[in-house]
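This one's a predicted model, so the numbers in the text were calculated from it and none came from an experiment.
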Amino acid sequence: MFIALRYVADGVVATELDDEAKRPRMSVVRPDDLASWVAEREAATPRWVWDDTAHWYPPLLAEGARIERALDLRLCRRILRHATATARTALATAPADEWDAPAPVRGASDALFELEPVTAAPDPVAELRNQRTAIETAESPGRLNLLLAAESVGALAAAEMRHAGLPWDADRHAAILTELLGPRPLPGARPAHMEAVLAQIRALLDDPELNPDSPAELLRGLQRAGLPLTSTRSWELKEIEHPAIAPLLEYKRLARLLTANGWNWLDQWVSEGRFRPSYVPGGVVTGRWATDGGGALQLPKQVRGAVIADPGWTFVVADAAQLEPRVLAAMSGDAAMARAGRATDLYQGMVDAGAVETRTQAKYGMLGAIYGGTTGESGRMRPRIERAFPVAMRFVEDAARAGEAGRVVSTWLGRSSPHRTAGTYDEGTSEADARRSRTEAAAWGRFTRNFVVQGTAAEWALCWIGALRRRLWELGPEGAGAAERPHLVFFLHDELIVHTPVEFAPLAAEAMRAAAADAGRLLFGGAPVEFALSVSIVENYADAR
DNA sequence: ACCGTCGGCGCC
DNA sequence: AAAGGGCGCCGACGGT
């Protein structure tokens with residue numbers, strides 16, 4: 001059963017539909033009654049259908065209405081519009097309409113429903129039917145349906161995680177800052193430890209006015225001191241022997257902490273003991289999530305010590321070990337690679353299989369194969385990786401060749417890559433332009449090579465989240481509200497954090513592993529690939545792993 | 001004062 | 001011959 005929600009002038013129209021999206025039964029619900037109405041209908045676990053989870057779900061959560069299944073029509077539309085599998089359908093070939101536009105900004109998302117739209121909201125029932133028609137005529141409707149369900153459940157989880165918040169000890173964070181940077185300075189001033197390091201740098205470079213915050217000026221200052229540099233990137237600095245380099249690298253480290261996760265960040269993003277980032281499901285072309293403020297997906301290790309569980313609670317932190325190589329093994333059907341992954345550590349498994357000598361070689365070689373790297377260690381390992389895992393390597397090579405030729409590639413479940421925008425250079429004009437044209441094609445090939453793996457890994461992660469949130473909900477305690485149950489609080493591409501009452505931690509850890517196995521089965525059926533997790537139960541995120 | 005781009009670096 | 005994928009965010013900078 002589906003229930004589609006849509007705003008009208010004086011309420012919400014809820015349309016119940018059967019599994020074929022037929023036999024509509026409409027009712028009008030007052031916005032104030034919506035949460036209790038949804039909670040009551042949720043007993044039948046319908047699939048709620050709406051235009052934008054980030055708009056509909058937070059107010060429901062605020063009222064204590066948790067739902068199990070949804071379809072986010074806007075997210076689904078974006079996938080179906082670009083998917084090769086639905087390219088010839090009416091949905092994909094029609095001119096752009098309001099469903100293709102970004103979701104309108106509609107007031108503070110955590111506020112209760114405000115009466116809506118000046119213009120009528122688009123009809124979700126019509127869009128649902130259009131989408132279903134497109135999927136039915138696609139080559140592999142099962143996979144697309146799974147993708148749309150996974151994308152939508154991700155949006156539910158994103159809203160739930162923002163609602164719950166990541167426990168964050170602001171005092172502990174401030175203490176970390178004070179220890180590394182010195183006391184909080186006045187606005188615009190440098191913290192004491194940065195000033196001290198800067199004084200050293202200026203003295204060692206004999207440049208008393210040097211402003212290291214300006215890359216251009218810093219580069220000139222370093223060159224004036226005779227250092228052979230073309231940029232001020234830290235990896236380039238590390239290649240050079242000079243007494244000013246060590247303090248300069250330290251300055252950059254501190255400056256980064258200050259600007260990205262310093263006191264201003266703390267003021268802006270942490271309140272009442274919670275960090276509430278705003279996730280953007282599907283925000284990355286590959287299907288990974290993005291964030292929209294708060295930088296949750298770049299949370300540096302330096303400040304993870306501030307992530308402390310509530311009293312009587314703890315964290316279960318799980319990280320999918322070598323997710324992308326495992327996904328590649330499964331989607332390419334490379335049995336040798338799957339065997340290497342049977343060891344908990346896939347890279348160690350590669351060593352044990354005799355493909356390479358050391359774990360480091362395995363890691364760099366594998367990542368190079370997925371990213372298209374050819375230099376350094378990954379380039380040196382390439383022939384061995386190709387010999388050991390020819391099936392997997394042919395798979396990513398095919399994706400690269402497709403991209404170079406301007407073709408679209410797709411993930412396992414059918415999310416397709418964007419079309420390559422016309423090359424800047426015309427290979428017919430000159431030798432130099434021809435070379436630049438080949439460089440551009442090669443760069444796009446690296447993108448498509450990575451797209452199929454990163455995108456499929458993102459699909460696995462969505463399935464993992466979906467399976468986990470269902471399993472966690474079933475853990476109980478019976479009849480408890482969402483705030484008393486084990487629940488997801490953080491997601492980082494291949495890592496999840498559950499905040500749980502201490503007594504549920506072992507069960508939550510087991511649910512993590514079971515959900516990872518669910519995700520593998522959902523995507524790849526009986527493929528002999530194991531998705532190993534490293535799981536730790538810790539009160540402080542910094543202690544994970 | 002505001003806006004878009006760039007250099008640099010954090011995460012995966 | 002050479003070739004590392006995806007992001008977000010900050011301050012600086014150069015333009016209007």
E459(A) atom CD is separated from dC12(B) atom C1', nearest whole Å, by 17 Å

Mind checking if G294(A) touches a base, just sugar-phosphate, or nothing, with heavy atoms under 4.0 Å? sugar-phosphate

Can a donor-acceptor pair be found, under 3.5 Å and without considering hydrogens, that links the side chain of R449(A) to the backbone of A369(A)? yes

Starting from P on dC9(C), measure out to CG on L257(A) and report it in whole angstrom. 17 Å

Nearest heavy-atom approach of L533(A) to R513(A) is O-NH1, 3.4 Å

Using the six-membered base ring of dG5(C), report whether Y371(A) stacks on it, requiring centroids under 5.5 Å and planes under 30° apart. yes

On the 0 to 90° scale, with breaks at 30° and 60°, tag the W460(A)-W464(A) ring pair as parallel, tilted or perpendicular. tilted

dG8(B) phosphate, OP1 or OP2: any side-chain N/O from R233(A) under 4.0 angstrom? yes

Where the side chain of R471(A) meets the backbone of A511(A), is there a donor-acceptor pair that is under 3.5 Å apart? no

If you go through the side-chain atoms of R256(A), does one of them form a donor-acceptor pair with the base of dC10(C) closer than 3.5 Å? no

Tell me what R304(A) touches on the nucleic acid: a base, only sugar-phosphate, or nothing, going by heavy atoms under 4.0 Å. sugar-phosphate

In whole Å, what is the span from the CG atom of L222(A) to the P atom of dG7(B)? 16 Å

Can you check the F491(A) CZ to dC12(B) P distance for me, whole Å? 12 Å

Would you say dC9(B) has OP1 or OP2 under 4.0 Å from some side-chain N or O of K252(A)? yes

Under 4.0 angstrom, heavy atoms only, what part of the nucleic acid is V285(A) near: base, sugar-phosphate, or nothing? sugar-phosphate

Describe the nucleic acid contact of N211(A) in one word from base, sugar-phosphate, nothing, applying a heavy-atom distance below 4.0 Å. nothing

Which of dG8(B), dC11(B), dC13(C) is nearest the side chain of Q298(A)? It is dC11(B)

Can you see if the side chain of S378(A) gets near the phosphate of dG4(C) - specifically, an N or O under 4.0 Å from OP1 or OP2? no

How close or far is atom P of dG7(B) from atom CG of L229(A), stated in whole angstroms? 15 Å

Which part of the nucleic acid, if any, lies within contact of A290(A), taking any heavy atom under 4.0 Å across all strands shown: a base, the sugar-phosphate backbone alone, or nothing? sugar-phosphate

In whole angstrom, what separates L323(A)'s CG from dC12(B)'s C1'? 10 Å

Distance check needed: dG11(C) C1' versus E217(A) CD, whole Å only. 13 Å

Distance in angstrom units between W263(A) CH2 and dC10(C) P, rounded: 16 Å

Using the side chain to side chain contact (heavy atoms under 4.5 Å, CB included) rule, pick out the option among R190(A), E195(A), Q200(A), R256(A) that qualifies with Y251(A). R190(A)

Closest to the side chain of V284(A), out of dC9(C), dG6(C), dC11(B), is dG6(C)

Return the nearest nucleotide to the side chain of P300(A); candidates are dG8(B), dC9(C), dG10(B). dG10(B)

If you find the nucleotide of DNA chain C closest to W444(A) and the one closest to T439(A), which residue's nucleotide is nearer the 5' end? T439(A)

May I ask you to evaluate whether T259(A) reaches the phosphate of dC9(C), defined as a side-chain N or O under 4.0 Å from OP1 or OP2? no

Can you check whether S234(A) has a side-chain N or O nearer than 4.0 Å to OP1 or OP2 of dC9(B)? yes

Between K238(A) and dC9(B), is there a contact of a side-chain N or O with OP1 or OP2 at under 4.0 Å? no

Base, sugar-phosphate, or nothing for R446(A), non-hydrogen atoms under 4.0 angstrom? sugar-phosphate

Are any non-hydrogen side-chain atoms of V391(A) and M337(A) less than 4.5 angstrom apart? no

